[in-house]
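The structure appears below as structure tokens.
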Amino acid sequence: MPVNRWKQVLAAAVAALALAGCTGLGIGSSSGVVVLDIGHCAESPGASTPGRLANGVSLEECSFWYKYSYDVKREVERAGYRCTVCNRGNGNALSPEMARDARRAGVVHLRRPGKGGERYPSRYHPDRVGSGVVSADYAVYRRAAAIVFLHHNRSGGWRDGASPSIIICNRYNGRPLASAIANTLNREILNHGMPNGGRACTVQARYVDADRSAAWMNTCDDSGIPAAVVEAAFLNNRGHAAFLADDANARRYARAIGRGIVAYLRGGTHPRHVRHDENKPDEGSFGYAAESRRITVPGAKLLVH
């Protein structure tokens with residue numbers, strides 16, 4: 001084969017990995033890698049503190065996790081597991097500081113959303129449509145042992161006291177993963193440095209039909225991948241924000257999430273649910289017909305006409 005042709009083949013293979021677009025791999029078998037997804041992207045950075053703290057510091061969801069995803073990853077890798085970090089934004093849109101953090105964590109940048117909340121159909125389960133599907137597809141492509149979406153929360157202006165810290169998970173496969181992370185945060189972080197009025201972090205298993213924004217969780221469920229979304233810290237909670245604004249505390253928080261993931265991986269095997277029929281609504285779904293009829297995203301598959 002000519003040298004130029006070899007270069008073209010190699011470039012195509014690299015692009016396929018970065019875009020998570022290869023559909024030739026089997027679904028339902030794990031490669032053992034843990035995927036960490038940095039919530040939101042530089043173009044749409046997510047939650048932020050309502051203003052600056054007393055020390056003049058402000059926090060932003062996406063940039064926080066560019067900086068501290070490395071600490072989550074390090075805990076997983078120190079325990080002997082493979083781990084990769086991804087983000088669905090445009091790597092060229094990063095600030096110099098975020099670009100430095102991305103290099104440190106080895107962030108894989110996936111397809112760029114045309115705008116912050118743009119929805120896509122999954123390449124693997126095209127009736128699943130959501131803004132986070134690009135990252136879910138990457139987890140499917142990597143045949144991940146688990147995927148953890150690193151987020152923070154916010155609900156209005158500054159608040160004191162307790163906030164409803166939660167770990168969200170997909171309904172079939174995610175509860176053991178989410179529980180392991182919540183238990184670790186409760187043991188090490190919440191009310192152990194990060195005040196929350198004695199309120200613990202809880203787990204919420206969710207199912208979202210067809211065209212709603214979090215349908216990417218179903219993409220993971222359909223492929224037998226445990227998925228958890230960390231929403232344990234509220235950036236409008238003064239106690240949470242003040243805790244995370246301290247670098248040492250932020251690293252404690254991130255490493256606790258990593259240890260929660262490790263606790264899950266060491267907890268033995270868990271039954272995996274995989275979708276049985278791609279041409280029918282998922283088992284036990286509710287309201288799917290009405291939702292499916294409203295899908296207007298190009299490339300999406302309607303199962304109900």
Side-chain angles (χ1 to χ4, degrees), residues 17 29-39 59 61-87 91 97-110 135-136 138-152 165 167-169 173-194 201 203 220 225-233 240 243-270 272:
L17 173 61
S29 59
S30 172
S31 67
V33 66
V34 173
V35 173
L36 305 175
D37 180 69
I38 294 174
L59 297 174
E61 185 174 4
C62 184
S63 60
F64 179 96
W65 284 117
Y66 264 92
K67 184 172 184 179
Y68 295 108
S69 61
Y70 171 80
D71 294 275
V72 185
K73 178 181 180 181
R74 189 176 75 164
E75 285 297 315
V76 175
E77 291 181 335
R78 284 179 61 189
Y81 301 98
R82 293 185 297 134
C83 187
T84 188
V85 183
C86 70
N87 182 258
E97 183 178 16
M98 290 171 70
R100 179 202 66 203
D101 294 333
R103 289 191 295 271
R104 182 171 183 246
V107 177
V108 176
H109 287 99
L110 309 174
S135 298
Y138 182 65
V140 177
Y141 171 77
R142 294 298 304 268
R143 295 180 291 124
I147 179 170
V148 176
F149 298 84
L150 301 171
H151 283 257
H152 292 315
S165 298
I167 309 295
I168 303 167
C169 63
N173 294 297
R175 188 176 291 276
L177 170 64
S179 296
I181 297 171
N183 290 341
T184 305
L185 288 175
N186 286 331
R187 185 173 60 250
E188 299 184 15
I189 301 296
L190 277 172
N191 303 302
H192 296 279
M194 191 170 93
C201 181
V203 172
C220 295
I225 297 174
V229 187
V230 179
E231 298 275 13
H240 292 192
F243 178 83
L244 293 177
D246 178 87
D247 181 71
N249 288 337
R251 296 189 188 283
R252 274 187 59 201
Y253 180 83
R255 290 170 183 170
I257 293 171
R259 285 192 287 275
I261 296 170
V262 171
Y264 163 75
L265 295 171
R266 289 177 171 170
T269 58
H270 302 280
R272 295 291 181 94

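All residue numbers in this chain count up from 1 along the given sequence.
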Pairs under 3.5 angstrom only: tabulate donor-acceptor contacts from the side chains of residues 185-194 to other protein residues two or more places apart or in another chain.
| unit_1 | atom_1 | unit_2 | atom_2 | d |
| --- | --- | --- | --- | --- |
| N186 | OD1 | C201 | N | 2.7 |
| N186 | ND2 | A182 | O | 3.2 |
| N186 | ND2 | C201 | O | 3.1 |
| E188 | OE1 | R259 | NE | 3.2 |
| E188 | OE1 | R259 | NH2 | 2.7 |
| E188 | OE2 | R259 | NE | 3.3 |
| N191 | OD1 | N196 | N | 2.9 |
| N191 | OD1 | G197 | N | 3.4 |
| N191 | OD1 | G198 | N | 3.0 |
| N191 | ND2 | R199 | O | 3.2 |
| H192 | NE2 | N186 | O | 3.4 |

Does some side-chain heavy atom of [Y] sit less than 4.5 Å from a side-chain heavy atom of [X]?
| X | Y | value |
| --- | --- | --- |
| I261 | E75 | no |
| R266 | Y81 | yes |
| H240 | S165 | yes |
| R255 | R78 | no |
| V34 | Y264 | no |

Out of curiosity, [X] [atom1] to [Y] [atom2], how far, rounded to the nearest 0.5 Å?
| X | Y | atom1 | atom2 | answer |
| --- | --- | --- | --- | --- |
| K73 | L36 | NZ | CG | 8.5 Å |
| R251 | L244 | CZ | CG | 12.5 Å |
| H270 | N173 | NE2 | CG | 10.5 Å |
| F149 | C86 | CZ | SG | 7.5 Å |

Whether over 12 other heavy atoms sit under 6.0 Å from R104 CZ: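 Count over threshold, so yes.
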
Among L177, V229, V72, side chain to side chain contact (heavy atoms under 4.5 Å, CB included) partner for V148: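 In the set L177, V229, V72, the residue that makes a side chain to side chain contact (heavy atoms under 4.5 Å, CB included) with V148 is L177.
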
Reference residue V35; test side chain to side chain contact (heavy atoms under 4.5 Å, CB included); the match among T84, V108, V85, I225: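 With V35 as partner, T84, V108, V85, I225 yield a single side chain to side chain contact (heavy atoms under 4.5 Å, CB included), made by T84.
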
Nearest heavy atoms of [X] and [Y], plus distance in Å:
| X | Y | value |
| --- | --- | --- |
| P226 | A145 | CD-O, 3.3 Å |
| M98 | C62 | CE-SG, 4.1 Å |
| G260 | T184 | CA-OG1, 3.3 Å |
| I181 | A228 | CD1-CB, 4.3 Å |
| I147 | C220 | CG2-SG, 3.8 Å |

Side-chain donor-acceptor pair present, N87, Y66, cut-off under 3.5 Å: yes

Residues R74 and Y70: side-chain donor-acceptor under 3.5 angstrom: no

Pair H152 and W65, ring centroids less than 6.0 Å apart: yes

A250: partners by side-chain contact (heavy atoms from CB on, under 4.5 Å), with sequence neighbours left out: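 So A250 forms a side-chain contact (heavy atoms from CB on, under 4.5 Å) with F64, Y68.
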
Intermediate values then yes/no, salt bridge (charged side-chain N to carboxylate O under 4.0 Å, His left out), D101 and K67: CA-CA 5 Å; D101 294 333; K67 184 172 184 179; over 6 Å; no

